[in-house]
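Step one of this worksheet: look at the structure below.
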Amino acid sequence: MCGITGWVSFTQDLAHHVDTVEAMNATMSCRGPDAHGVWTGRHAALAHSRLAIIDLDGGRQPMSAALPDGEVVITYSGEVYNYRELRELLTGRGHTWTTRSDTEVVLRAYLEWGEACVERLDGMFAFAIWDSRSERLLLVRDRAGVKPLFYRPTADGVLFGSEPKALLAHPDADRTVDADGLREMFLFTRTPGQAIWRGMREMRPGTVVTVDRAGVRERVYWKLEAREHTDDLATTTSHIRELLEDIAARQMVSDVPRCVLLSGGLDSSALTALAAAGLRRDHGTERVRTFAVEFADGAETFRATELRETQDAPYIREVVAHVGTDHHDVVLDSRAMTDQQVRRATVRARDLPGVHGDMDLSLYLLFRAVRERSTVALSGEAADELFGGYLWFHHPAAQQAETFPWTAIFGDAEQEALKLLRPEVRERLRLVEYARDRYADAVAEVPRLPGEDGLEARMRRISYLNLTRWMPSLLERKDRMSMANGLEVRVPFCDHRLTEYVFNTPWSLKTFDGREKSLLRAAVRDVLPASVAERRKSPYPSTQDPFYQQALQQQAKQVAAESNSTLFSLVSDEWLARAVATDPSRMDVSVRHGLERVLELATWIDLYGPDIRID
């Protein structure tokens with residue numbers, strides 16, 4: 001896992017601009033603390049910050065192949081899990097090797113198959129290949145969009161990078177955030193391809209972008225498709241189990257310490273059990289290492305809610321005992337989570353204000369602690385989107401709503417939180433209308449089977465929306481918080497083989513026992529404690545410590561005192577005055593979320609100095 005960046009200019013000699021590319025690369029040093037490299041040619045410059053995972057000595061980048069008719073260079077981030085099979089295939093075709101890395105396999109795959117090589121790759125990745133023979137740049141992003149990649153066309157080429165901050169470090173960067181950028185910032189729903197910075201694009205998952213003298217072109221090489229599912233229940237659950245065992249084994253491959261993030265829920269517990277079984281099979285007595293987050297005051301302040309009925313800790317202990325893991329609890333307190341330097345670190349990691357509040361802060365601190373003992377972690381992201389775990393999959397109002405299903409559940413609270421904006425800003429952004437248009441765009445993409453209607457058609461739509469509009473924000477959050485600490489987090493449930501299969505499984509099978517995630521539960525029940533297998537969905541925890549809300553108010557008071565801040569071109573000073581005067585013991589969720597957003601906005605403005613334009 002690494003950071004990549006680069007610059008293509010067909011009118012300049014970039015060999016004279018090494019300092020610029022090094023500055024772009026330096027912004028992502030946290031993504032790759034182990035090594036840094038720059039390659040320059042006449043019209044292209046590629047850079048790389050490396051987090052060494054496979055072939056620690058031989059996998060340095062950018063990596064190049066010198067051919068009789070020119071040089072081909074790659075800068076690559078991610079992991080290709082089938083690289084061993086591809087290496088064997090390419091060896092049979094006459095390729096020789098200088099490293100053991102998957103990077104060289106990707107480079108050689110390109111030399112063998114050209115752009116079509118992307119369809120052979122199984123993994124999470126984002127990479128750029130400069131082919132000096134044709135003076136063409138190839139940008140590639142994985143099918144699920146696990147690894148990020150941004151680009152900005154210029155008058156004579158393109159800038160690209162794993163994170164916006166790399167592009168913003170270029171002297172010609174545009175730091176304007178216009179109305180559309182603000183709309184993306186203030187909604188929970190992500191629009192594929194849309195970055196908040198004007199002129200910048202985020203590559204859509206499953207796409208290839210080519211840049212040459214003729215311009216910039218984008219091609220989709222993978223997308224969700226509707227296919228008839230003919231397997232019965234027993235065959236379906238058996239196939240899911242086979243896939244999960246194979247995926248877990250592939251994703252535990254590493255030359256550095258690895259672990260699993262364990263919450264005591266069905267998803268992470270299943271990964272833990274399957275990873276442990278694979279380690280015992282392949283490495284004898286090696287135990288899987290697990291980490292869990294816990295709040296110091298959790299036992300005293302926990303209050304059950306509709307979304308979170310139980311605490312994680314008892315279930316985590318059962319899994320640890322059942323599987324026999326080498327377990328570590330990461331205990332957080334509200335003082336650490338309200339440290340303003342921690343907030344600055346999380347905002348800088350994401351390059352924009354977040355919408356997840358304290359969950360960003362605690363995730364950052366969790367990953368910081370995990371990195372002290374491991375470099376690679378497996379996480380259960382995407383299981384809920386794939387198997388139907390969220391409340392809105394099962395709530396009648398959300399099933400019938402002509403809007404994003406999570407909006408049907410949380411929309412009122414979200415609209416209340418957005419009252420922090422100045423009335424004229426809300427009027428200009430017209431967020432309700434924007435969300436409605438984005439929903440229409442998303443629904444128009446949904447693949448359908450001939451004759452599919454009723455509940456099955458509606459649930460396919462909800463599944464598609466979750467996989468393409470909800471999941472991306474969680475994957476981005478996971479990537480940014482982990483890579484800010486030099487930790488690689490892998491997401492087995494994003495494997496495209498599993499995604500294609502489960503997406504096309506009828507809703508009647510996904511809920512065959514009348515519950516959420518029925519198929520996943522059936523596929524892994526035998527490796528889990530009964531209580532964990534039967535546990536209802538419980539989301540990532542959020543602190544309920546009153547001190548956290550008090551600290552939010554105190555920090556917001558400091559922000560309110562800076563009346564000349566750019567912040568108040570967006571935020572209503574009247575709303576903020578009421579919020580900081582609210583009794584913290586009676587603060588409702590919308591006010592808390594609003595205060596968190598104010599502090600994120602203030603930090604973002606201080607860090608990036610954006611040129612905000614809403615006219």
Side-chain angles (χ1 to χ4, degrees), residues 2-12 14 17-32 36-40 43-49 61-62 75-78 126-130 137-141 145 147-178 180-182 184-185 190-205 207-211 215-216 218 347-353 472 476 479-480 483-484 604-605 607-613:
C2 310
I4 66 172
T5 190
W7 178 15
V8 169
S9 170
F10 293 107
T11 63
Q12 301 183 65
L14 296 188
H17 295 276
V18 174
D19 289 349
T20 295
V21 181
E22 287 181 340
M24 294 168 67
N25 198 37
T27 65
M28 300 184 298
S29 59
C30 59
R31 294 186 75 93
H36 308 280
V38 173
W39 177 93
T40 58
H43 294 303
L46 277 60
H48 189 264
S49 296
Q61 299 184 49
T75 182
Y76 162 86
S77 169
F127 61 86
I129 293 178
W130 171 253
L137 179 74
L138 185 73
L139 300 175
V140 178
R141 193 177 186 200
K147 301 317 300 172
L149 189 55
F150 295 80
Y151 70 96
R152 178 178 174 269
T154 64
D156 65 344
V158 72
L159 303 170
F160 68 88
S162 295
E163 298 178 0
K165 61 174 63 69
L167 282 67
L168 295 174
H170 191 277
D172 295 336
D174 184 351
R175 290 179 176 262
T176 301
V177 177
D178 58 18
D180 278 345
L182 291 171
E184 290 293 319
M185 280 173 47
R190 293 291 304 276
T191 303
Q194 185 75 39
I196 68 165
W197 305 93
R198 189 174 65 183
M200 192 182 296
R201 298 284 296 166
E202 180 177 12
M203 279 189 64
R204 293 188 63 149
T207 61
V208 172
V209 169
T210 56
V211 183
V216 179
E218 183 174 299
V347 173
R348 177 155 181 78
R350 295 193 68 169
D351 293 314
L352 78 167
E476 178 196 51
D479 173 82
R480 300 301 188 85
M483 294 308 297
W604 174 68
I605 289 169
L607 284 170
Y608 288 88
D611 180 11
I612 297 174
R613 299 185 183 180

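The residues of the chain are indexed from 1 along the displayed sequence.
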Tell me, please, which residues at least two apart from Glu202 pass side-chain contact (heavy atoms from CB on, under 4.5 Å).
Arg141, Phe150, Arg190
Under 3.5 Å donor-acceptor, Thr75 side chain and Ala47 backbone:
yes
Between Val140 and Ile129, is there a side-chain heavy-atom distance shorter than 4.5 Å?
no
Counterpart residues, salt bridge (Lys or Arg N to Asp or Glu O under 4.0 Å), relative to Asp611 (two or more places apart)
Arg613
Those residues that, when tested against Arg348, pass salt bridge (Lys or Arg N to Asp or Glu O under 4.0 Å) (two or more places apart)
none
Starting from the C-alpha separation in whole Å, work towards a yes-or-no answer on salt bridge (charged side-chain N to carboxylate O under 4.0 Å, His left out) for Lys165 and Asp351.
CA-CA 7 Å; Lys165 61 174 63 69; Asp351 293 314; 3.1 Å; yes
Would you give the length of the straight line joining atom OG of Ser77 to atom CG of Leu149, rounded to the nearest 0.5 angstrom?
9.0 Å
Residue list, side-chain contact (heavy atoms from CB on, under 4.5 Å) with Pro153, at least two apart or on another chain
Tyr151, Val216
Give a yes or no answer on whether the side chain of Thr191 reaches the backbone of Gln194 with a donor-acceptor pair at less than 3.5 Å.
no
For the atom pair CG (Leu139) and CE (Met203), what is the distance rounded to the nearest 0.5 Å?
5.5 Å
Under a 3.5 Å cutoff, is there a donor and acceptor pairing between the side chains of Asp174 and Thr176?
yes
Taking only residues two or more places apart in sequence or in another chain, which ones pass side-chain contact (heavy atoms from CB on, under 4.5 Å) with Ala349?
Arg480, Met481, Ala484
Search all heavy atoms of Ala169 against all heavy atoms of Ala23 and return the closest pair with its distance.
CB-O, 4.0 Å
What I'd like to find out is whether the side chain of Thr5 reaches to under 4.5 Å of the side chain of Ser162, using heavy atoms alone.
no
Minimum heavy-atom separation for Pro148 to Ala126, with atom names?
O-CB, 3.6 Å
Test log, rule side-chain contact (heavy atoms from CB on, under 4.5 Å), inputs Glu476 and Asp479
CA-CA 5 Å; Glu476 178 196 51; Asp479 173 82; 5.8 Å; no
Taking side chain to side chain donor-acceptor pair (under 3.5 Å) as the definition, give me every residue that meets it alongside Thr20, ordered by chain and number, with sequence neighbours left out.
none
Among residues at least two apart in sequence or on other chains, which ones pass side-chain contact (heavy atoms from CB on, under 4.5 Å) with Ser29?
His36
So, for Gly161 and Leu167, which heavy atoms are closest and what is the spacing to 0.1 Å?
N-CD1, 3.3 Å
Inspect the contact between Glu218 and Arg204 and indicate whether a charged nitrogen and a carboxylate oxygen are less than 4.0 angstrom apart.
no
Is Gln61 reaching over with its side chain to a backbone N or O of Tyr76, donor-acceptor style, under 3.5 angstrom?
yes
Which residues pass the ring pair (Phe, Tyr, Trp, His ring centres under 6.0 Å) test with His43, sequence neighbours left out?
none
Hey, does the side chain of Trp197 reach the backbone of Val177 with a donor-acceptor pair shorter than 3.5 angstrom?
no
Specify the closest pair of heavy atoms between Ala128 and Leu137, including all atoms of both residues, with the distance to one decimal.
CB-CD1, 4.1 Å
Can you list everything that forms a side chain to side chain donor-acceptor pair (under 3.5 Å) with Arg201? Sequence neighbours excluded, please.
none
Kindly compute the distance separating CD (Glu163) from CE (Met28), expressed to the nearest 0.5 Å.
6.5 Å
Give the minimum heavy-atom separation between Lys147 and Gly78, together with the two atoms involved.
CG-CA, 4.4 Å
State whether the side chain of Arg175 and the backbone N or O of Gly609 hold a donor-acceptor pair below 3.5 Å, judged by distance alone.
no
Taking salt bridge (Lys or Arg N to Asp or Glu O under 4.0 Å) as the definition, give me every residue that meets it alongside Asp156, ordered by chain and number, with sequence neighbours left out.
none
Ring pair (Phe, Tyr, Trp, His ring centres under 6.0 Å) partners for His170, two or more places apart
Trp7
So Phe160 and Leu46, side-chain contact (heavy atoms from CB on, under 4.5 Å) or not? Walk me through it.
CA-CA 9 Å; Phe160 68 88; Leu46 277 60; 4.3 Å; yes
Nearest 0.5 angstrom please: Ile4 CD1 to Asn25 CG, how far?
10.5 Å
Kindly write out the residues that satisfy salt bridge (Lys or Arg N to Asp or Glu O under 4.0 Å) with Asp172, not counting sequence neighbours, or none if the list is empty.
none
